[in-house]
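Below is one structure; the comments refer to it alone.
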Amino acid sequence: MNKGIIEVARLIEKYGEATVHAYMGHIRDNAAESMRGALANYLGDQASLDLAFEDHLDSGDTIAVKITLEKGGDPPHTWRAVVDFSGTSPQMKGNLNAPAAVTKAAVLYVFRLMIDEEIPLNSGCLEPIDIIIPEGCLLRPDDSAAVVGGNVETSQRITDVLIGALGLAGASQGTMNNFLFGAEDGSGKQYYETIAGGSGASDGHPGASAVQVHMTNTRATDPEVLELRYPEIRLEQFSIRKGSGGDGRFRGGDGTVREVQFLEKRKISILSERRNYRPYGMADGGAGSTGRNRLITSSGEEVALADKVERVVESGERIIIETPGGGGFGAAVEESEK
């Protein structure tokens with residue numbers, strides 16, 4: 001933040017405050033105009049269009065959206081979109097409630113995907129878009145609600161729902177697969193990572209495998225570095241989960257398999273989604289596989305773990321996290337049709 005302040009101050013010193021403010025406005029105006037152009041391209045010859053989609057968190061709670069696109073009276077300057085999250089479930093007792101800012105960020109991200117121009121990401125993109133988020137729903141909870149999972153998990157489902165309504169692609173893995181471990185008493189070093197999965201396919205493009213998608217961009221620590229810094233673990237496997245992407249004319253990307261063996265007793269936490277509801281396919285494409293969390297005991301017994309879990313892992317035990325694949329796009333083509 002300090003760097004940004006310094007650079008803006010230099011711009012003002014060089015060009016003057018009035019000029020800098022003017023160009024800030026020009027950048028926002030250009031983004032708004034680009035957004036209107038994207039809405040115009042999407043609508044084509046239609047005067048208006050009503051879209052709707054819903055998806056579910058693993059708890060069963062619903063995130064629903066209705067999108068209305070319309071030309072207005074004097075295109076392209078009055079092209080508008082209304083994004084209405086009415087129908088979304090009430091705020092939850094759990095921690096997957098999301099502040100309204102998270103939803104607005106997801107709307108900005110998804111609609112920016114529709115702009116086929118190189119423009120700076122800025123709030124001007126939202127100028128032609130009205131966002132409705134009902135009070136008391138899990139996307140606009142009251143001050144008493146827990147929201148720790150809203151940014152890392154619910155944001156992914158909001159993105160899935162918007163992309164589904166617009167028909168842009170199959171769903172991506174829809175989770176960050178948050179994995180944490182450390183000493184049981186909280187002392188010493190703690191480790192936190194998010195784990196890649198499959199991205200959804202789109203018209204003309206298969207999904208990518210083993211990538212971070214949408215609302216996360218973290219990188220995995222190199223195995224050698226990870227084991228050097230945390231000698232209490234061994235990374236037994238980090239591989240592509242073959243066949244986990246949805247089938248289709250364009251296949252969804254595959255997820256990953258992350259297997260960690262613990263050489264010392266540790267407390268672990270997993271915060272994940274898409275363990276109960278598969279990432280949807282688009283335009284008759286197949287759904288991606290759900291994720292799976294497992295514990296393998298030192299005797300070889302396999303224990304299924306929930307999508308959200310906190311427990312102590314004993315020395316010799318292994319945690320295996322299989323991340324979801326992305327949804328496919330378009331009906332699969334038979335070999336005889338190729």
Side-chain angles (χ1 to χ4, degrees), residues 37-46 49-56 58 63-67 69 81 83 106-107 109-117 155-177 195-217 239-257 273-292 322-338:
L39 295 176
N41 289 337
Y42 188 91
L43 267 173
D45 295 331
Q46 301 175 92
L49 185 62
D50 293 317
L51 307 167
F53 201 83
E54 67 178 39
D55 204 344
H56 308 281
D58 281 347
I63 296 177
V65 72
K66 295 178 181 178
I67 300 175
L69 308 175
V83 181
V107 172
Y109 167 76
V110 171
F111 276 82
R112 170 64 180 84
L113 296 176
M114 300 171 64
I115 300 175
D116 192 20
E117 299 177 52
S155 62
Q156 297 277 12
R157 192 65 71 259
I158 300 167
T159 302
D160 284 342
V161 167
L162 291 166
I163 287 175
L166 294 166
L168 301 179
S172 293
Q173 68 160 338
T175 176
M176 295 189 191
N177 305 292
I195 306 174
S199 70
S202 58
D203 191 6
H205 302 281
S209 299
V211 293
Q212 297 284 11
V213 295
H214 300 321
M215 315 308 284
T216 180
N217 59 2
S239 61
I240 293 178
R241 187 185 175 198
K242 298 290 187 181
S244 56
D247 198 9
R249 181 176 291 273
F250 302 99
R251 286 191 59 87
D254 289 330
T256 62
V257 180
E273 276 285 320
R274 287 293 193 202
R275 269 51 180 175
N276 296 331
Y277 292 91
R278 299 174 69 181
Y280 61 79
M282 182 57 61
D284 297 322
S289 298
T290 55
R292 187 163 66 141
E322 300 178 13
T323 68
F329 192 101
V333 178
E334 298 292 338
E335 286 296 325
S336 59
E337 299 179 48
K338 294 181 178 178

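Keep in mind that this is a model prediction, so the values were computed, not measured. Counting begins at 1 with the first residue of the sequence.
Each of Arg274, Glu322, Arg275 was evaluated against Asn177; a single residue qualifies, Arg275, per the side chain to side chain donor-acceptor pair (under 3.5 Å) test. Exactly one of Val110, Val65, Leu49 qualifies for a side-chain contact (heavy atoms from CB on, under 4.5 Å) with Leu166. That residue is Val110.
In this structure the side chain of His205 never reaches within 4.5 angstrom of the side chain of Phe250, judged on heavy atoms. The shortest side-chain heavy-atom distance between Asp55 and Ile63 does not fall under the 4.5 Å cut-off. By the 4.5 Å heavy-atom criterion applied to side chains, Thr175 and Gln156 are not counted as neighbours. Side-chain contact check for Thr256 versus Ile195: some heavy-atom pair is nearer than 4.5 Å. In this structure, Thr290 and Pro324 have side chains that are not in contact, with every pair of non-hydrogen atoms separated by 4.5 Å or more. Between Met215 and Met176 there is a side-chain heavy-atom pair separated by less than 4.5 Å. Residues Val83 and Phe111 have side chains in contact (heavy-atom distance under 4.5 Å, counting atoms from C-beta outward). The shortest side-chain heavy-atom distance between Thr323 and Gln173 falls under the 4.5 Å cut-off.
In this structure, Ala64 and Val161 approach most closely via the heavy-atom pair C-CG1, 4.4 Å. The minimum heavy-atom distance between Glu273 and Gly174, with the atom names listed, is CB-O, 3.9 Å. Heavy atoms only, all atoms of each residue included: Ser199 and Ala208 are closest at OG-N, 2.7 Å. The minimum heavy-atom distance linking Ile158 with Ala106 is given by the pair CG2-CB, 3.6 Å.
Judged purely by atom type and a 3.5 angstrom limit, Asp254 has no side-chain atom pairing as donor or acceptor with the backbone of Gly198. Looking only at distances, no side-chain donor or acceptor of Ser289 sits under 3.5 Å from a matching main-chain atom of Gly325. Side-chain N or O atoms of Ser172 include one that pairs as donor or acceptor with a backbone N or O of Gly200 at under 3.5 Å. Within the 3.5 Å criterion, the main-chain N or O of Ala169 finds no donor-acceptor partner in the side chain of Ser202. A donor-acceptor pair is defined here as one N or O able to donate and one able to accept, closer than 3.5 Å; such a pair exists between the side chain of Arg157 and the backbone of His56.
Between His214 and Tyr109, the ring planes lie perpendicular to each other; the angle is over 60°, past the 30° to 60° tilted range.
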Assess the residue pair Ile163 and Leu113 against the criterion (side chain to side chain contact (heavy atoms under 4.5 Å, CB included)); give the C-alpha distance rounded to whole Å, side-chain angles, the decisive distance to 0.1 Å, and a yes or no. CA-CA 10 Å; Ile163 287 175; Leu113 296 176; 4.3 Å; yes

Let's go through Asn217 and Gln212 carefully: what are the C-alpha distance in whole Å and the side-chain angles of both, what is the deciding distance for side chain to side chain contact (heavy atoms under 4.5 Å, CB included) to 0.1 Å, and is it a yes or a no? CA-CA 6 Å; Asn217 59 2; Gln212 297 284 11; 5.5 Å; no

Which donor-acceptor pairs under 3.5 Å do the side chains of residues 276-284 make with protein atoms, sequence neighbours left out?
{"unit_1": "Asn276", "atom_1": "ND2", "unit_2": "Asp58", "atom_2": "O", "d": "3.0"}
{"unit_1": "Arg278", "atom_1": "NE", "unit_2": "Gly288", "atom_2": "O", "d": "3.0"}
{"unit_1": "Arg278", "atom_1": "NH2", "unit_2": "Ala287", "atom_2": "O", "d": "3.0"}
{"unit_1": "Tyr280", "atom_1": "OH", "unit_2": "Asp160", "atom_2": "O", "d": "2.5"}
{"unit_1": "Tyr280", "atom_1": "OH", "unit_2": "Gly164", "atom_2": "N", "d": "2.9"}

